[in-house]
> 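For reference, the structure I am asking about is given below.
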Protein chains: 2
Amino acid sequence: MTRPAEYTRNLIIKAAVALFAEKGFERSSVRDIVTKARVNQAAINYHFKGKDGLYFEVLKIAFERLTENAGVDAGELKSLSPEQALRRFVGHQLRPLLFQDELSRYIRMFAWESAHPSKVFRKFIAGNTTSYLSGAVDLVRRFLPPDTQERAALCAAICLMGQCSVFVRNRDLFAQDPFRMTIDEPFVDELADLITRVAIGGLPHAEDARLTTA
Amino acid sequence: MTRPAEYTRNLIIKAAVALFAEKGFERSSVRDIVTKARVNQAAINYHFKGKDGLYFEVLKIAFERLTENAGVDAGELKSLSPEQALRRFVGHQLRPLLFQDELSRYIRMFAWESAHPSKVFRKFIAGNTTSYLSGAVDLVRRFLPPDTQERAALCAAICLMGQCSVFVRNRDLFAQDPFRMTIDEPFVDELADLITRVAIGGLPHAEDARLTTA
DNA sequence: ACAGGGTTCAAACGATTGTTTGAATCAGGC
DNA sequence: GCCTGATTCAAACAATCGTTTGAACCCTGT
């Protein structure tokens with residue numbers, strides 16, 4: 001069979017995940033990837049039909065791993081209280097701040113896409129109808145008034161994930177000079193608590209009477 | 001004097017602002033800018049010492065215009081109730097969703113930077129100690145418990161601005177197929193109310209007892 | 001031993017990026 | 001009128017990007 005093919009495929013995917021997570025898709029060059037993977041230039045085009053094809057493959061893997069392992073897990077979601085589930089989810093989204101394992105890299109990749117979705121990514125979510133956003137929507141729905149419109153719930157979910165991804169993307173920036181945040185476990189716990197608590201406290205009032213627009 | 005110089009300078013700046021707002025700094029090429037401005041290739045390097053120099057100049061202008069005109073205005077901030085001030089600020093941040101005027105373009109430029117700060121931008125905020133974030137920090141502080149640490153207030157401000165900039169950046173994406181949001185004035189009002197109300201409802205509980213980390 | 005297909009390789013391709021060049025053009029001062 | 005400095009211009013530069021090429025390589029089946 002094609003033993004060696006699968007081997008270098010994995011080599012490439014591993015290197016690509018690391019780079020895509022670190023810098024995002026656009027800023028990661030093919031030459032960076034093949035250098036890190038210690039394979040030839042043409043390998044990506046041979047095995048994945050180009051950079052886009054590689055990214056699509058990587059997205060597929062990341063999505064599978066995340067949905068099977070996430071705090072979005074349907075079973076776990078029901079066994080926990082809404083507050084616990086939300087806290088777990090936020091903690092999961094902030095995971096790349098603390099750990100550099102594979103799962104964290106996948107989350108970070110999606111954090112880049114939430115900043116500026118690439119063409120490949122759009123094609124990807126077009127195929128996966130059950131977007132990773134739907135999990136977040138279910139999560140916030142439990143805090144929103146029961147008659148909240150789907151659109152508002154979607155916006156709330158986007159806001160929730162956006163708050164996490166800002167920190168994931170700019171981790172290094174916030175650690176540096178004007179901010180000087182020491183990003184350790186106590187800090188991330190604090191941050192996750194902050195985001196979670198603001199959501200818990202605020203979401204129930206999301207559909208109150210219209211504010212004066214002035 | 002150098003009349004014609006200032007004229008083409010403004011031509012370039014105007015075109016650059018439009019493109020930087022639309023696509024961000026990195027994705028806007030020098031050739032796009034000079035074509036839109038109807039000036040020569042070399043003009044940018046002659047007048048601004050390169051693309052970076054142009055961007056720095058544009059950032060300076062945008063920052064001045066925003067601080068003098070923003071909902072962050074110190075006088076206006078004190079004359080309004082905390083709730084009104086926050087709602088005004090959020091509405092201001094979401095302005096690019098509705099209008100395409102100059103002010104909206106400046107806001108959108110900063111929204112791109114909040115996603116992935118460029119080198120030029122980092123150098124810029126290093127020089128402007130009173131970051132545009134400090135206004136947001138003051139705003140959220142009025143809802144946080146009085147003894148909240150500066151670090152937590154800063155995180156809350158980042159979260160607040162992040163929620164707005166997600167929609168500003170991805171306006172077109174959310175209008176399209178998987179989401180199909182019609183981004184008109186009622187929607188933006190609704191969204192601004194949502195973000196504001198979640199913040200008002202949640203921020204006071206930001207420093208409650210530690211949540212169980214599980 | 002040989003042929004053939006899957007895989008690797010170094011090199012080049014064409015497109016795009018930001019920047020530089022050197023001549024051409026224009027203005028105003030002596 | 002001519003010189004000088006500022007400004008514009010078309011063209012090229014060097015670097016990087018993703019992709020393609022065609023020969024070399026290696027393993028397998030016959």
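The figures here come from the full heavy-atom set of this structure, side chains too, leaving out hydrogens, waters and symmetry mates. Each chain gets a letter, A, B and so on, in the order its sequence line appears, and its residues count up from 1.
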> If you assign A/R27 and A/A42 each to the DNA chain D nucleotide with the nearest heavy atom, which residue ends up on the more 5' nucleotide?
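Nearest nucleotide further toward 5': that of A/R27.
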> Whole Å only: how far is the OH atom of B/Y55 from the P atom of C/dG18?
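My rounded result for the distance is 14 Å.
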> Is the closest basic N to carboxylate O distance between A/D32 and A/R27 below 4.0 Å?
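Here A/D32 does not pair with A/R27 in a salt bridge, since their nearest N and O are not under 4.0 Å apart.
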> Remember a base hit wins even if backbone is also touched, and classify A/A43 as base, sugar-phosphate or nothing at under 4.0 Å, heavy atoms.
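It contacts nothing in the nucleic acid.
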> From CZ of A/R31 over to C1' of D/dT20, roughly how many Å is that when rounded to an integer?
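Rounded to whole Å, this separation is 12 Å.
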> If I take atom CD1 in residue A/I44 and atom P in nucleotide C/dC9, what distance separates them, rounded to the nearest angstrom?
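So the two atoms are 13 Å apart, to the nearest Å.
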> Looking only at the side chain of A/S29 (C-beta and beyond, no hydrogens), which of the listed nucleotides D/dG18, D/dC9, D/dA6 gets closest?
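Closest nucleotide to the A/S29 side chain: D/dG18.
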> Please work out whether the ring planes of B/F110 and B/F63 are parallel, tilted or perpendicular, with thresholds of 30° and 60°.
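Ring orientation of B/F110 relative to B/F63: tilted.
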> Send over the distance from B/H47 NE2 to D/dT7 P, rounded to a whole Å.
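Whole-Å distance recorded here is 7 Å.
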> Please tell me which of the listed nucleotides, D/dG18, C/dT7, D/dT20, lies nearest to the side chain of A/Y46?
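Side chain of A/Y46 sits closest to C/dT7.
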> Between A/E102 and A/R105, does at least one N-O distance fall below 4.0 Å, as a salt bridge requires?
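Result for this pair is no, no salt bridge flagged.
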> What's the NZ-C1' distance between B/K23 and C/dT16, to the nearest Å?
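These atoms are roughly 12 Å apart.
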> Is there a side-chain polar atom (N or O) of A/N40 under 4.0 Å from OP1 or OP2 of C/dA10?
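Yes, such a contact exists.
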> For C/dT7, take OP1 and OP2 only and decide whether either is under 4.0 Å from a side-chain N or O of A/T8.
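No, outside the criterion.
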> Would you mind reading off the distance between A/N45 atom CG and C/dA10 atom C1', rounded to a whole angstrom?
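Rounded to the whole Å, the gap is 15 Å.
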> Going by atom types only, do A/Q93 and A/S165 share a side-chain donor-acceptor pair under 3.5 Å?
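Note: A/Q93 and A/S165 side chains miss the donor-acceptor criterion.
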> Is the closest basic N to carboxylate O distance between B/D177 and A/R122 below 4.0 Å?
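No.
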> To the nearest angstrom, how far is A/Q41 atom CD from C/dA11 atom P?
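After rounding, the reported distance stands at 12 Å.
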> For the pair made of CD in B/E26 and P in D/dT16, what is the distance, rounded to whole Å?
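From B/E26 CD to D/dT16 P: 16 Å.
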